[in-house]
Asker: 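Please read through the structure below; I'll follow up with questions.
Order of the sequence lines sets the chain letters (A, B, ...), proteins ahead of strands, with each chain counted from 1. Only heavy atoms go into these numbers, but all of them, side chains included; no hydrogens, no water, no symmetry mates. On a predicted model such as this, the values are computed, not experimentally measured, just so you know.
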Protein chains: 4
Amino acid sequence: MTPPNTARRRETSRRAILTATFDLLQEVEYAKISIEGIASRAGVGKQTIYRWWPSKGAVVFDAFLMLSEGAEGGPVRLPDSGDLAADLTMVLRATVEELTDPRYEQPMRALATEIAHDSELAAAYAERLDGPLREAKRERLRSAQRAGQLADDLDLDVAVDLIWGPLFQRWLHRGGPLTTDWTDRLVATALDGLRPRR
Amino acid sequence: MTPPNTARRRETSRRAILTATFDLLQEVEYAKISIEGIASRAGVGKQTIYRWWPSKGAVVFDAFLMLSEGAEGGPVRLPDSGDLAADLTMVLRATVEELTDPRYEQPMRALATEIAHDSELAAAYAERLDGPLREAKRERLRSAQRAGQLADDLDLDVAVDLIWGPLFQRWLHRGGPLTTDWTDRLVATALDGLRPRR
Amino acid sequence: MTPPNTARRRETSRRAILTATFDLLQEVEYAKISIEGIASRAGVGKQTIYRWWPSKGAVVFDAFLMLSEGAEGGPVRLPDSGDLAADLTMVLRATVEELTDPRYEQPMRALATEIAHDSELAAAYAERLDGPLREAKRERLRSAQRAGQLADDLDLDVAVDLIWGPLFQRWLHRGGPLTTDWTDRLVATALDGLRPRR
Amino acid sequence: MTPPNTARRRETSRRAILTATFDLLQEVEYAKISIEGIASRAGVGKQTIYRWWPSKGAVVFDAFLMLSEGAEGGPVRLPDSGDLAADLTMVLRATVEELTDPRYEQPMRALATEIAHDSELAAAYAERLDGPLREAKRERLRSAQRAGQLADDLDLDVAVDLIWGPLFQRWLHRGGPLTTDWTDRLVATALDGLRPRR
DNA sequence: ATATAATCGAGACGGTACGTCAGGTCTTGCT
DNA sequence: AGCAAGACCTGACGTACCGTCTCGATTATAT
């Protein structure tokens, strides 16, 4: 994602570009964001963007990366109180909070749709951004599995998809309101399954 | 979605535009499709598009609508052999087939991302395109519920999300390969839930 | 200038079009006047204009024709007090008045430049609009010639051009201010010639 | 007539645009010339035209300017054989030749009518294009005046208008054929005046 | 008085050009 | 060498009009 020799690269320009990008994402519709706009907002020549990023999506992606690296101190962990249902409920509620936060909603939709169209970006996303988070989710489930709260033969990847897939889908496609009621039922249903339990 | 008086509208132009749109969606990346391109491909003046549709997304949407209306004869129904697991497995495999069909993949990604950015479009999608299909899904589950195969207190809407949400999410975000193996495990896990039975 | 059978033609529409045209000429730059604009201002279908006039210039021309026919009662005559210099001075001052009248300046510039580009229109202009006026000018000079105030062998057509040519030229090309001082000197110089007398 | 900083301007583009403009003026009716047409003929982006010229008329004007600057070597001078009538006759015949030359007629009509509608352009024309020529005309007359061939109190500006005004007027408004016979009579009448001598 | 046919208003249509915005490349000095 | 600045060619935007073409709904004779 950064072709030439990084040595002489000016760090201040890089940060200015990524910050300007993220700021713009919050302010205007994604489709209306332009390289020119980013450059002028960042006080940077267009060439400086084209030199270091192959596409607008890549800039957006790096803007998120910068943000997440800034936030992070050490590996991500999901809460583990021993009560899986309670922990999941809490995490999903927090996720909903973030997804509907006006500061992040538009930028995240932008990232999501860029990924949908660009498989290289999708791979980078899977590795750099989603990877650690997904591992944390898997880890929390593994812990529950060890505690006998989940089926032994459960495919943890499928399980992660089963819980978070519906949430992201509903959010991205506006399938309905993201209420706590809904997330709570989602967790319960995923844990118990559709079939009647005795 | 169609502002002026529809009376004098020329049906041949309308069809030409929608057909051209869908054809283009298969050939070139969505972002590179232009109103100008659609108009010239359809042999139509640009104004004729701007007169009847408010945005590129709306045209794309109507192109899908035309397609689905053409295909449909009566209400959509999911197979009902009495064996829910088998039926769902089959339907999901077919869905995967469609989602990865080169003719439809790009157009459907385009539609999905347009919906993600335009809530009006999302509403129209929910009502006109996804609505009947979702009702069919719910109906199949209701039938199973009546047969005692699903929990009595199951929220069918959540159930639908639980099965199809992960699928669409994995497809759209390229979360991994869409193999029959994965869909089969998805169905099984959704039906049984994450918790151990017995 | 009016092709089909004039019998069934609606006179009210014709007048509305010509009036609207002349009004528009006063209000907006000639280049910005459109058939659509005239039609909508006149409350008339575009086809009604296209049916009866071959070009925008022709409509403008007819608008002038209508005006001049309205004004006229009998043939045009220039004043003839017996004092040619005085009469010409007066007439030229009046002409300047008209050429710089804000109600007429723009429309007349429009007509003048249409004529410059369309020789058919120029012929119609020469015959219907300029013709009678030019004949009146010639007649006034002929009268002076009979009175021995002009050279016997004078070509009256050249004489008319010599007096009014410079005026129109200065007006149309904005060669300088059209003051009474200038017109008076023009008349005097034209009458006496450039060469020294005696 | 040239807004931004001229420093970075590409001279090749400028010349291509002006040349293309002049060429087009010879080929097609002025009203049918478009910025788009000029740009494509010149192999230039439209923006490059809009960047440096405010209007189509300004481009046309500069095209003429380029031509006249190319032709010129030093200040313009009218022939001075000592015989004013002969010299003027010759010059007017040459002017007629030029005005009716198929290469220049349409372009010059275009320039003339642009000037008629745009007073800024008219001012630029008066200063840059017509100015030197008019001074040459005045100078020739001044020389004749010194030689006692013209009245001492003659206003040379009026005199210039008296000779060339009728010519341009007849040409632009197609007032009649531009024969040598007519121009010769024009010169004679202007010199002698309308009043009888002796 | 009624049929009948041209004219009318309205405005959709396939086009062309408008003047603007942005994309991505290239060039020019400055640091 | 990287950079800010910005000119350049390209292509698309959304709008305004072009001149043609239906549509009913008036008229104004010609039956």
Asker: Can you check whether C:Leu24 reaches C:Thr21 side chain to side chain, under 4.5 Å on heavy atoms?
Answerer: no

Asker: If we only count heavy atoms from C-beta on, is the B:Trp52 to B:Arg14 side-chain gap below 4.5 Å?
Answerer: no

Asker: Please figure out whether D:Lys56 or B:Val44 has its closest DNA chain E nucleotide nearer the 5' end.
Answerer: B:Val44

Asker: Looking at every strand, decide which applies to A:Gly43 at a 4.0 Å heavy-atom threshold: base, sugar-phosphate, or nothing.
Answerer: sugar-phosphate

Asker: Using a cut-off of strictly less than 4.0 Å between a heavy atom of the residue and any atom of DNA chain E, enumerate the qualifying residues of residues 15-36 of chain D by number.
Answerer: D:Ser34, D:Ile35, D:Glu36

Asker: Looking at side-chain heavy atoms only, is the closest gap between A:Gln106 and A:Tyr30 below 4.5 Å?
Answerer: no

Asker: Report yes if the distance between the aromatic ring centroids of A:Phe22 and A:Phe64 is under 6.0 Å, otherwise no.
Answerer: yes

Asker: Please check: side-chain N/O of B:Ser34 versus main-chain N/O of B:Gly37, any donor-acceptor pairing under 3.5 Å?
Answerer: yes

Asker: Rounded to the Å, how far apart are C:Arg9 CZ and E:dG9 P?
Answerer: 11 Å

Asker: Taking the side chain of D:Trp52 as its heavy atoms from C-beta onward, which of E:dT27, F:dC8, E:dT7 lies nearest to it?
Answerer: F:dC8

Asker: Between F:dC3, E:dG23, E:dG15, which one does the side chain of A:Arg51 approach most closely?
Answerer: F:dC3

Asker: Nearest to the side chain of B:Ser13 - E:dT7, E:dG14, F:dC21?
Answerer: E:dG14

Asker: Nearest whole angstrom, please: distance from the P of E:dA17 to the CD1 of D:Ile38.
Answerer: 12 Å

Asker: In whole angstrom, what separates D:Lys46's NZ from E:dC18's C1'?
Answerer: 6 Å

Asker: Taking only side-chain N and O atoms of A:Trp53, does any of them lie within less than 4.0 angstrom of OP1 or OP2 on E:dG24?
Answerer: no

Asker: Quick check for you: among F:dT15, F:dC3, E:dG11, whose closest atom lies nearest to any side-chain atom of B:Arg8?
Answerer: E:dG11

Asker: Quick check: on DNA chain E, is the nucleotide nearest C:Glu11 upstream (toward 5') of the one nearest A:Gln47, or the reverse? Name the residue that is more 5'.
Answerer: C:Glu11

Asker: With no hydrogens and no angle check, just 3.5 Å: does a side-chain donor-acceptor pair link A:Tyr125 and A:Glu114?
Answerer: no

Asker: Just compare E:dA6, F:dC18, F:dC8 and give me whichever is closest to any side-chain atom of D:Arg10.
Answerer: F:dC8

Asker: Of the options E:dG9, F:dA5, F:dA7, whose atoms approach the side-chain atoms of C:Thr48 most closely?
Answerer: E:dG9

Asker: Determine whether A:Tyr104 and A:Leu111 satisfy the following criterion, side-chain contact (heavy atoms from CB on, under 4.5 Å), listing intermediate values before the conclusion.
Answerer: CA-CA 10 Å; A:Tyr104 299 125; A:Leu111 181 60; over 6 Å; no

Asker: Starting at CD1 of B:Ile49 and ending at P of E:dA12, how long is that distance when rounded to a whole Å?
Answerer: 16 Å

Asker: To the nearest Å, how far apart are C:Tyr50 OH and E:dG11 C1'?
Answerer: 13 Å

